[in-house]
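As structure tokens, the structure follows; a few thoughts come after it.
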Number of protein chains: 2
Amino acid sequence: MKYSRQRELILKSLRENCIHPTAEQLYDFILQEEPTVSLATVYRNLNLLAENGMVKKIEGLDGTAHFDHQTHDHYHFICTRCGQVFDVPYDIAPDLETAVEKQTGLKVTSYDIAFRGICQNCRKIN
Amino acid sequence: MKYSRQRELILKSLRENCIHPTAEQLYDFILQEEPTVSLATVYRNLNLLAENGMVKKIEGLDGTAHFDHQTHDHYHFICTRCGQVFDVPYDIAPDLETAVEKQTGLKVTSYDIAFRGICQNCRKIN
DNA sequence: CCTCAAAATGATAATTATTACTATTATTGT
DNA sequence: ACAATAATAGTAATAATTATCATTTTGAGG
């Protein structure tokens, strides 16, 4: 994997954006700093970075993929009203790989949990 | 919600298909019995049935939505080689809603776990 | 510091999954 | 049987993502 200015910018931008953005959201953000990057480059690099474990790709929240600069184990909660994504700490359910393997014999290489609900902000409003 | 022959057929077909099919897979299956149903009808009804809790919509496995006739609490494992989806029993991690609420204050209304790995069949082959 | 092969890019076309639209048909309560 | 309402088939439209490809950038070796 060779260096590229664009990839560095994408990674830096993701780290500055703690909202778990989609590729398109991150693209819009990046355009402000560097208006020549291509949407395809953003998609390409986010997937590449995810394959290499440098970022996390989160699927199953709302149909579109989100990206997370935090790579340590943790889960996610999406507010079904405002769409905001929150982190859920790993220790609410640690070591599920082992639990699954014990019960089913299936060897888990990765997994995600997508929690859904209404966040505290939206709950207040209504 | 009025009765419709097509919806009944869709539900019946899903129950006969324990492979957690996508809308399109189920559509192909249904065509053999009833060649006049529309793909749109399959999508419409699967979503409708899911909203009413009669089937489960599974997202986050591989980018496309799968459907499950089993409505009781359980999780899923997808083989990243052959794409087959397996059930994972609920008791490997029960009552996560409460765990999340205790730790974060967020009220969970639903959640899914998508486990990934290589299934036992694929493991044998390679 | 040149050269060149490999990798990355931007721009856009293509694909895939899903939803929207609309005229027609089926269902159901009266 | 009638009318109101919901559902359908068929297709167009949309949204998200990936593929393509000509051009540019990177980095290792002479």
Side-chain angles (χ1 to χ4, degrees), chain A residues 1-14 17 19-52 54-68 78 80 83 85 112 114, chain B residues 1-14 17 19-52 54-68 78 80 83 85 112 114:
Chain A
M1 183 150 83
K2 279 183 185 172
Y3 168 87
S4 98
R5 196 168 33 80
Q6 289 87 336
R7 178 155 49 238
E8 183 145 290
L9 177 58
I10 287 163
L11 189 53
K12 172 176 152 284
S13 301
L14 185 58
N17 264 275
I19 61 157
H20 307 81
T22 64
E24 199 114 19
Q25 286 176 320
L26 196 62
Y27 172 65
D28 290 341
F29 178 83
I30 286 170
L31 279 190
Q32 300 174 351
E33 183 159 339
E34 181 71 67
T36 60
V37 285
S38 164
L39 177 58
T41 299
V42 175
Y43 271 104
R44 212 179 314 115
N45 279 295
L46 285 174
N47 284 324
L48 200 62
L49 290 166
E51 280 164 29
N52 287 70
M54 307 185 65
V55 309
K56 261 195 174 197
K57 186 174 189 173
I58 322 168
E59 288 172 290
L61 290 176
D62 59 357
T64 83
H66 291 246
F67 292 87
D68 192 336
I78 188 168
T80 51
V85 177
D112 278 310
Chain B
M1 183 151 82
K2 276 183 188 172
Y3 168 86
S4 98
R5 195 167 35 78
Q6 289 89 334
R7 179 156 48 237
E8 183 144 290
L9 177 58
I10 287 163
L11 189 53
K12 172 177 153 284
S13 303
L14 185 59
N17 265 275
I19 61 156
H20 307 82
T22 64
E24 198 114 19
Q25 288 176 320
L26 196 62
Y27 172 65
D28 290 341
F29 178 83
I30 286 169
L31 279 190
Q32 301 175 351
E33 183 159 339
E34 181 69 68
T36 61
V37 284
S38 164
L39 177 57
T41 299
V42 175
Y43 270 104
R44 210 182 317 110
N45 279 295
L46 284 174
N47 283 324
L48 200 63
L49 290 166
E51 279 164 30
N52 288 69
M54 308 185 64
V55 308
K56 261 197 175 197
K57 186 175 189 172
I58 323 169
E59 288 172 290
L61 290 176
D62 59 358
T64 83
H66 292 245
F67 292 87
D68 193 337
I78 188 168
T80 51
V85 177
D112 278 310

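As the structure is a computational prediction, the values presented were derived from the model and not from experiment. Just so we're on the same page: letters track the sequence lines, and every chain starts at 1.
A:Ala23 comes within contact range of no nucleotide atom at all, as no heavy-atom separation falls under 4.0 Å.
Contact annotation: A:Ser4 side-chain N/O to D:dT25 OP1/OP2 distance is not under 4.0 Å. Taking 4.0 angstrom as the limit, B:Arg44 places a side-chain polar atom (N or O) nearer than this to OP1 or OP2 of D:dT8. The phosphate of D:dT26 (OP1 or OP2) has no side-chain N or O of A:Tyr3 nearer than 4.0 angstrom. Applying the 4.0 Å criterion to OP1 and OP2 of C:dG10, one finds that A:Thr41 has a side-chain N or O inside that range. Within the 4.0 Å cut-off from OP1 or OP2 of C:dT19, at least one side-chain nitrogen or oxygen of B:Asn47 is found. A close approach under 4.0 Å does occur between a side-chain nitrogen or oxygen of B:Gln6 and OP1 or OP2 of D:dA9.
When rounded to the nearest whole Å, the span between CG of A:Asp62 and P of C:dT19 equals 12 Å. Here the P atom of nucleotide D:dA16 and the OH atom of A:Tyr27 are 14 Å apart, to the nearest Å. Atom CD of B:Glu8 and atom C1' of C:dT27 are 13 Å apart (whole Å). In this structure, A:Leu31 atom CG and C:dA11 atom C1' are separated by 14 Å, rounded to whole Å. Per the geometry, CE belonging to B:Met1 stands 8 Å off P belonging to D:dA7, to the nearest Å. Here C:dT18 presents its C1' atom at 10 Å from CZ of B:Phe67, a figure rounded to the nearest Å. Separating the CG atom of A:Asn45 from the P atom of C:dA7 is a distance of 15 Å, rounded to the nearest angstrom. Here the P atom of nucleotide C:dA8 and the CD1 atom of A:Ile10 are 12 Å apart, to the nearest Å.
The two residues A:Ala50 and A:Lys57 come nearest to each other via the heavy atoms CB-CB, 4.1 Å. What you find for A:His66 and A:His20 is that their closest heavy atoms are ND1-O, 2.7 Å. Heavy atoms only, all atoms of each residue included: B:Ile19 and B:Val85 are closest at O-CB, 4.5 Å. B:Leu61 approaches B:Ile58 most closely through the heavy-atom pair CD1-CG2, 3.7 Å.
Once rounded to the nearest 0.5 Å, the distance linking CD of B:Glu24 with CG of B:Leu26 reads 10.5 Å.
With distances taken from any side-chain atom of A:Lys2 to the nucleotides C:dT12, D:dA9, C:dA8, the minimum falls on C:dA8. Considering only the side chain of B:Thr64, C:dA17 comes nearest among C:dT12, C:dA17, C:dA8.
Judged by distance alone, with hydrogens and angles left aside, A:Thr36 brings no side-chain donor or acceptor close enough to the base of C:dG10 to form a pair under 3.5 Å.
Each of B:Arg5 and B:Ala65 was matched to the nucleotide of DNA chain C holding its nearest heavy atom; the match closer to the 5' end belongs to B:Ala65. Each of A:Tyr43 and B:Pro35 has a nearest nucleotide on DNA chain D; the 5'-most of these lies closest to B:Pro35.
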